[in-house]
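Each remark here refers to the structure printed beneath this line.
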Amino acid sequence: QVRLVESGGALVQTGGSLRLSCAAFRRTFATNTMAWFRQAPGTEREFVAGSSTTRTDYTDSVKGRFTISIDNAQSTMFLQINSVKPEDTGIYYCAARSGAWLSIARSDYPWWGQGTRVTVSS
């Protein structure tokens, strides 16, 4: 069992930056694929960024603005968000799955955090 705890969500102005964190307990990141999803009001939860032992990927709308990184020693994943836009508003969830296959489907991730809220004001 893996427990994930997100933090770092905030109210931020358009064009600003923030960093989200996801701390994992009871298991290291070395054997997991990790990902960030977000859910805007009234929409489905969607893949934002993910990292496995073999590759990193981002959804097109965040490429060049979001950066995912992992500190294996601290079992913590980060999402650096720059040049935020109002459409980045939502609840951001950390997710994990076993193995090295990076999936963008939320059904492939058995472990989830509780989410952290990001609100971008225009």
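- Closest approach of Val48 to Val62, counting heavy atoms only: O-CG2, 3.7 Å.
- Every pair passing ring-ring contact (aromatic ring centres under 6.0 Å, His included) that includes a residue from residues 33-86 is listed here, sequence neighbours excluded: Phe37-Phe47, Phe37-Tyr109, Phe37-Trp112.
- Of all non-hydrogen atoms in Ser51 and Ile68, the two that sit nearest each other are N-CD1, 3.9 Å.
- Considering CD1 of Ile104 and CG of Asp57, their distance stands at 7.5 Å, rounded to 0.5 Å.
- The distance from atom CG of Asp108 to atom OG of Ser103, rounded to the nearest 0.5 Å, is 3.5 Å.
- Using modelled atom types, one side-chain atom of Thr14 and one backbone atom of Ser121 make a donor-acceptor pair closer than 3.5 Å.
- Shown here for Leu4 and Ala96, the closest heavy-atom pair between the two residues is CD1-N, 3.8 Å.
- Every residue meeting the salt bridge (charged side-chain N to carboxylate O under 4.0 Å, His left out) condition with Glu44, not counting sequence neighbours, appears here in chain and number order: Arg106.
- Heavy atoms of other residues, nucleotides or ligands lying less than 6.0 angstrom from CG of Leu11 number more than 12.
- Between the CG atom of Leu79 and the CZ atom of Arg38 there is a distance of 9.5 Å, given to the nearest 0.5 Å.
- The two residues Thr89 and Ala40 have their closest heavy-atom pair at O-CB, 3.6 Å.
- The OG1 atom of Thr33 lies 6.0 Å from the CZ atom of Arg97; values are rounded to the nearest 0.5 Å.
- One distance of note links CG of Leu20 with CD of Gln80; it measures 9.0 Å at 0.5 Å rounding.
- Residues Thr59 and Ser61 bring no donor and acceptor atom of their side chains to less than 3.5 Å of each other.
- More than 12 non-hydrogen atoms from other residues, nucleotides or ligands lie less than 6.0 angstrom from CZ of Arg55.
- Annotation: cation-pi geometry satisfied between Arg45 and Tyr93 (NZ/CZ under 6.0 angstrom from ring centroid, within 45° of ring axis).
- Under the 3.5 Å distance criterion, the side-chain polar atoms of Glu6 are matched with a main-chain donor or acceptor of Gln114.
- With hydrogens and angles ignored, the 3.5 Å screen pairs no side-chain donor or acceptor of Arg3 with any backbone N or O of Phe25.
- A distance-only check finds no donor-acceptor pair linking the side chain of Thr54 to the backbone of Ser52 [under 3.5 Å].
- Among residue pairs with one or both ends in residues 58-68, those qualifying as salt bridge (Lys or Arg N to Asp or Glu O under 4.0 Å) are Asp60-Lys63, Arg65-Asp88; sequence neighbours excluded.
- Residues Asn82 and Ser17 come closest through the heavy atom pair OD1-OG, 3.0 Å.
- Residues Ile91 and Met77 do not share a hydrophobic cluster, clusters being chains of Ile/Leu/Val/Met/Phe/Trp/Tyr side chains in contact below 4.5 Å.
- Hydrophobic clustering (ILVMFWY, side-chain heavy atoms < 4.5 Å, transitive): Trp111 and Leu102 are in distinct clusters.
- What you find for Thr53 and Ala100 is that their closest heavy atoms are OG1-CB, 3.2 Å.
- Atoms CD and OG, from Gln13 and Ser122 in turn, are 9.5 Å apart once rounded to the nearest 0.5 Å.
- For the pair Asn72 (side chain) and Ser75 (backbone), a donor-acceptor distance under 3.5 Å is absent.
- Between Thr119 and Val12, every side-chain heavy-atom pair lies at or beyond the 4.5 Å cut-off.
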